Engineer: 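One structure follows; several queries about it will come next.
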Amino acid sequence: MDLFSDIEAPEREELLALRKELEEANYKYYVLNQPTLSDQEFDFKMHRLQDLEAMFPDMYDAKSPTQHVGSDLVESQKSKEKSGKSFETVKHKYPMLSLANSYSREEIEDWVRKLPQGVEIVCELKYDGLSISLWYEHGVLVRALTRGDGQQGDDVIANIKTIASIPWRIERADVPDFFELRGEVLLPWERFEALNKEREEQEEPLFANPRNAASGTLKLQDPREVARRGLEAYLYYMLGENLPGKTHFERLATAKEWGFHISEAIKVCHSVDEVMNYIAYWDTERKNLPVATDGIVLKVNDLAQQEELGFTAKTPRWAIAYKFPAEKQLTLLKEITYQVGRTGVVTPVANLEPVQLSGTIVQRATLHNEDFIKQLDIRPGDRVWVEKGGEIIPKITGREDRPISDERLAISDYSFPTVCPECGATLVRVEGEAAWRCPNESGCPPQIKGKIEHFVSRKAMDIEGLGEETIDLLYRQGLLHNIADIYDLKAEDIATQERLGDKSAQNMLAGIEASKQVPWARVLFALGIRMVGETTAKKIAKRYNSIDSLQWATAEQLCAIDDVGPQIAENIVKYFEDIRNLEILERLRQAGVQMEGEAAEEPASDKLAGMSIVISGTFEHHSRDEYKELIEQNGGKNVGSVSKKTSFILAGENMGPEKRKKAEELGIPLKSEEEFLQMISGL
Ligand code: IVH
């Protein structure tokens, strides 16, 4: 037996673990668009893996993440299945590689040492978006490929053509027959913030950073939506045969002449000092740029020298990236406040002296739970480090040493509150859980309101007109205490409230009435049983097609359902053990809410039987798909175009002019969404 094998074993294991971790991180970054590691962590781990692989050449594996670049192709495969449409996958003419990263002057010096004497280095900004490869044939843009797995990418030309600064055609005699121009697609900060604001209003998940938003946008199958979001592109690399210019800089100057968007921040440097000055300047100045940057790129200027230096399997030897350090700031932790969520979890929140970080002002950050605070050993009055982790969401990563003389040292250790800051109930901490919870489910205001907000939310009962503020108002008036109270609301209760009038009352009641058509699976989700999310609710509803059958299910039986573990099963059993819940369920049933599966699938009414209905325009209360469902559920038929057989048009805002004209000609009536909802609710 090899004497050293025992000593080596842990490192071999570490090697395998790192491969797995980096493979997963690549998948999450490129495919799921949800980065889990910071760039620095990723690079650190990648270096360690490279070192280990050098130590154990017998463990070589062509599939190791050190041997290939991450891939985003899987996602397009998925979106193909989902949408039926797809992007064409095309082999790159020249592989799209990534760049080696560096973080210090020393690393840059190491790189420069391997270059020819007196080399010219072009410094550029490193744009933090997605790389794109544009193909021009006889001056015409013919393909726009994503990086994909580096060997082949998706042709997203229809989306790329929405970017105003990318020419579709270059009308010049001196343009070569073929050339390729690579660059970065980005969503400018301003556009990114507007998009997230809009998504927040529509209760859609937010993008963590502009890069994710750009990636999500580029993969949309709807160029009109892409155009609306406003992508931008910067180009930085021209390739092809017999192209003009002997240097990289000259090529970019030519591209600029041809009308391409080339950054102004390009500089030819002759020494490491010059490079470091460029870095120092842009590390500050980049905060004023309209797009995200995460470093600079250094490239050998002379193209002949580039060719001589060549490539490794993954990166060119003639270029390297320098990554800016993660943005960090020290600021005062003024106070810790406590937020009580829908399920009673009490979350500590750091209230900070406002501080500027990567272009936004940060004044609050989550402290997660008691253990997190204890680990960091922080308390009000400390100066704490705030960092932007996966960029946009700030986190606290440590604190400055306290001065020895600080009298606060005399203060005993930090302790988490023992009672709920909202209702005064004694908090409980379930064994094995990090969170403190307020057990007063039906008496604690944020829990009561949170449950109602969840119940009415879009993916649950989708009751429009009953937003956070209205719920708060009606709760304070004593009109709403639980989800069943919603169905007892009367027009006069609502219309007499400050800020609400007859119209709001009518809308709200129509929404409430329409919610009685919501299928059982969504009703189950809407009840807000702890840990029963949308997908789990669907799976449970398939197995138990009514509340009555679910009510008598044992934890063991529930665990047989895919996705349901002991914890969820126990939560469900407990939910039905609480008499207050049973009363609420009975009231919901009395109100006409769907408590059975089959009933939801059969037509809810025949109010629209025999009618052909055209949907046109945009709507306030439901999406077009939901209206389509409502039409079908009430026995009607949704048709695409207006004819004399059309019964009426469900007309929203900005109805198509063609349809309006045709409807007028044929004398087809238009109905507003309110009229339609009333029609099916029978009000
Ligand atoms: S040159 C052969 N220049 O950074 C490599 N890349 O981490 C040619 N990037 O995949 C790339 N700004 O998406 C180059 N000025 C710039 C860049 C840049 C951003 C991206 C690019 C590349 C990634 C590598």
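Only this structure's heavy atoms are used, side chains among them; waters, hydrogens and symmetry mates stay out. Since the model is a prediction, treat every value here as computed from it, not as a measurement. We count ligands from 1, going down the list as the structure has it; atoms in each ligand are counted the same way. We're numbering straight along the sequence, starting at 1.
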Engineer: Just jot down the salt bridge (Lys or Arg N to Asp or Glu O under 4.0 Å) partners of Glu400, sequence neighbours excluded, or say none.
Structural biologist: Arg383

Engineer: Is the centre of the Tyr136 ring less than 6.0 Å from the centre of the Phe260 ring?
Structural biologist: yes

Engineer: Please name all residues satisfying side-chain hydrogen bond (donor to acceptor under 3.5 Å, both in side chains) with Arg317, sequence neighbours left out, ordered by chain then number.
Structural biologist: none

Engineer: Name the residues with a heavy atom less than 4.0 Å from ligand 1?
Structural biologist: Leu97, Leu99, Glu124, Leu125, Lys126, Tyr127, Ser131, Glu184, Tyr236, Tyr237, Val297, Lys299, Pro316

Engineer: With sequence neighbours left out, what residues match Leu243 under side chain to side chain contact (heavy atoms under 4.5 Å, CB included)?
Structural biologist: Pro176, Phe179, Met238, Arg251

Engineer: Could you tell me whether Lys299 sits above the aromatic face of Trp318, with NZ or CZ closer than 6.0 angstrom to the six-membered ring centre and within 45 degrees of the axis?
Structural biologist: no

Engineer: Is the NZ or CZ atom of Lys126 positioned over Phe324's six-membered ring, under 6.0 angstrom from the centre and within 45° of the axis?
Structural biologist: no

